[in-house]
Amino acid sequence: MEIIVLKFGGTSVGSIQRIKEVAKIIKSYSRKYNVIVLSSAMSGTTNKLINMSLKISKNFSDHEYDTLVSAGEQISCSLLAGQLLENGIKARSWMAWQIPILTEGKHKYSRIKYINKNKILKYLRSGGIPIIAGFQGIDKNLNITTIGRGGSDSSAIMVAKFFKARRCVIYTDVEGVYTTDPNKLNSAKKIQNISYEEMLEMASLGSKVMQAHSIQDARLNRINIEVKSSFINKSGTLITKRKNIINNKIITGISSTDNDAKVTLVGVKDRPGIAASIFKPLSQNSINVDMVVQNISSDGKETDLTFTIKSIDLTKTKKIINKYKNIIFKKLIFDKNVSKVSIIGVGMITTPGVTFRMFQALARKNINIQVISTSEIKISVLIKRTNVTKAIKCLHQEFKLNK
Ligand code: ADP
Ligand code: ASP
Ligand code: MG
C-alpha cells in the first residue's frame, strides 16, 4: 500500500470534539493507504506556553524555549492516538526524539535534515497508524529543537519526502488557499491550483495558511500538497509545479502583514559604504531587514534611509543603531503602525502595467504608499496599518479576483 501523510493544524485538533472528528477522517484513509499522521498542538497551546516563558524572562533561554513549546504537540498526539485506540484502531504517538527526526541549526529556527525511517516503517507494517508530533526535532547533541512557528507544515512535507509518500494533505480550518485571507475579506475565492513559487511568496508575505519554509521544502522535493478543511468535506487547493497549472489570471493572490515596523534615519552622510555600515551590525544580530529605500540627496551630502523590520526587533534595532558610533545621522524615526500589502502572480511577468494598476487603485482610495519593493512575481507596498482592509478590498476588485 502507498503511504499518505495527513497533517492536522491547531484548530483541527483544538478540542476533544475536534479530535473525535479528526479520528474519523484518519479512519477514512486507512483502508486505502498506509497513513502517517502529523499533528500540531491544540490551538492556543503554543501561545500559552510562550506567554508563560515571557513571564519568567523577556530573554528566556532558547534551549528551554524549545523544550517548553514542543510540549504542546505531545498532548495533542497522545489524545489523538488515544481516541483512535478507543475506536479500535491501532495507533500510537511518536515524539520526534523517538523516531528520531534530526534537525540542524539554531534553537527555535532549526531545519529538519534527516528522518530515520526504520521504526515508523516497522510500525506501519504491523498495521499501526503513527501519530507524529509536528514542529519538533532533536539535534545531534540530543537537544530538543523546534522549527519555527507554524512548523508542523514543514514536518509533514519532510515526512512525505523521506517516506516517499504518494500524497501530503494539510488539514486546516479553511477550505484551502484563498485569493486572500477569507477571514479578512468575505469575497475571497478558493484557488484550485497554485504554483510553489506563488505560494512561497504568499506565505512569506503574510498568508499564514502555509508556513513559508514548508513550501520551499515541497518545491525542492517536488511534493504536491493538498490543503483542505477538516471541518467540511470539500475539495481544497493543490500546491504544485507551475507546469501543471493553466491559469489566465494576472494576479493569483493578495497577502498582508501585521508585524512590520518602519525605521528612518534622517540626515545620513551620502557616501559609499554607509548603508553597509548600518545593515552589517543588524545582520550580525540576526535582524532581518526587509524593504529598503534611500532618497537621492539634494545637496550630495546627506540623505534619508528608510527600512522595515519585524516589530519584535524594534527595541534591539534602536539599541544597535544608537550603540554603533560610526552610524552618523541626525534623527531616528520609528513607526510601528505600518503593514505590507502585496499582490502576487506569475501572470505579471508577461503583463505590462500591473504596477500602474495597483498604484492607481490605491490612489483612488486615498491610500498613501510609503515604501515599494518588487520581484518578478510580486509587488509589495508599505502603507498605514489602518488602511490594510481597504487596500486588500480595492486590489481584490481591481484584479477581479472574486470572478
Ligand atoms: P493551522 O492551525 O491549521 O496550521 P493556521 O492558522 O496556521 O492553521 O492557518 C490557517 C489560517 O490562515 C486561516 O484561518 C486564515 O485566517 C489564514 N489565512 C491567511 N491567508 C490565507 C489565504 N490566502 N488563504 C487561506 N487562509 C489564509
Ligand atoms: N504548534 C506550533 C505553532 O503554534 C506549530 C504549528 O502549529 O504548526 O506554531
Ligand atoms: Mg499553520
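As the structure lists them, so they are numbered: ligands from 1, and atoms in each ligand from 1.
- With sequence neighbours left out, Leu238 forms a side-chain contact (heavy atoms from CB on, under 4.5 Å) with Asn193, Asn224, Thr240.
- At a heavy-atom cutoff of 4.0 Å, ligand 1 is contacted by no atom of Ile170, backbone or side chain.
- When each atom of ligand 1 is checked for a heavy atom of Thr172 under 4.0 Å away, the hits are 1 (P), 3 (O), 8 (O), 10 (C).
- Nearest protein heavy-atom contact of atom 2 (O) of ligand 1 is Gly10 N, 3.0 Å.
- Remark: side-chain polar atoms of Lys119 are paired, donor with acceptor, to backbone N or O of Gln98 under 3.5 angstrom.
- Heavy atoms only, all atoms of each residue included: Ser375 and Glu201 are closest at OG-OE2, 3.4 Å.
- Note on residues 121-135: pairs passing side chain to side chain donor-acceptor pair (under 3.5 Å), not counting sequence neighbours, are Lys90-Ser126.
- Residue contacts with ligand 1: Pro182 is included, with a non-hydrogen atom under 4.0 Å away.
- At least one heavy atom of Gly176 sits closer than 4.0 Å to an atom of ligand 1.
- Using a distance-only test at 3.5 Å, with no hydrogens or angles considered, a donor-acceptor pair links the side chain of Asn322 to the main chain of Lys318.
- The pair Glu21-Lys24 meets the salt-bridge criterion, with a side-chain N (NZ, NE, NH1 or NH2) lying under 4.0 Å from an Asp/Glu carboxylate O.
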Between ligand 2 and the protein, which N/O pairs are shorter than 3.5 Å?
unit_1: ligand 2; atom_1: 1 (N); unit_2: Thr46; atom_2: OG1; d: 2.9
unit_1: ligand 2; atom_1: 1 (N); unit_2: Glu73; atom_2: OE2; d: 2.7
unit_1: ligand 2; atom_1: 4 (O); unit_2: Thr46; atom_2: OG1; d: 3.3
unit_1: ligand 2; atom_1: 4 (O); unit_2: Arg149; atom_2: NH2; d: 2.9
unit_1: ligand 2; atom_1: 7 (O); unit_2: Ser40; atom_2: OG; d: 3.4
unit_1: ligand 2; atom_1: 8 (O); unit_2: Gly150; atom_2: O; d: 3.4
unit_1: ligand 2; atom_1: 8 (O); unit_2: Gly151; atom_2: N; d: 3.4
unit_1: ligand 2; atom_1: 8 (O); unit_2: Ser152; atom_2: N; d: 3.0
unit_1: ligand 2; atom_1: 8 (O); unit_2: Ser152; atom_2: OG; d: 2.9
unit_1: ligand 2; atom_1: 9 (O); unit_2: Arg149; atom_2: NE; d: 2.7
unit_1: ligand 2; atom_1: 9 (O); unit_2: Arg149; atom_2: NH2; d: 3.4
unit_1: ligand 2; atom_1: 9 (O); unit_2: Gly150; atom_2: N; d: 2.9

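- Under the 4.0 Å criterion applied to side-chain N and carboxylate O atoms, Glu175 and Lys228 are not assigned as salt-bridge partners.
- The nearest heavy-atom contact from the protein to atom 15 (C) of ligand 1 is Asp181 OD1, 3.3 Å.
- Assignment of Met202 to the shell around ligand 1 is supported, since a heavy atom sits closer than 4.0 Å.
- Counting protein heavy atoms only, atom 4 (O) of ligand 1 is closest to Lys7 NZ, 3.3 Å.
- Listed by first and then second residue, the side chain to side chain donor-acceptor pair (under 3.5 Å) pairs that reach into residues 333-342 are Asp290-Lys340, Ser339-Arg385, Ser342-Ser380, sequence neighbours excluded.
- With distances taken over non-hydrogen atoms, the option nearest atom 13 (C) of ligand 1 out of Val227, Thr237, Asp173, Val209 is Asp173.
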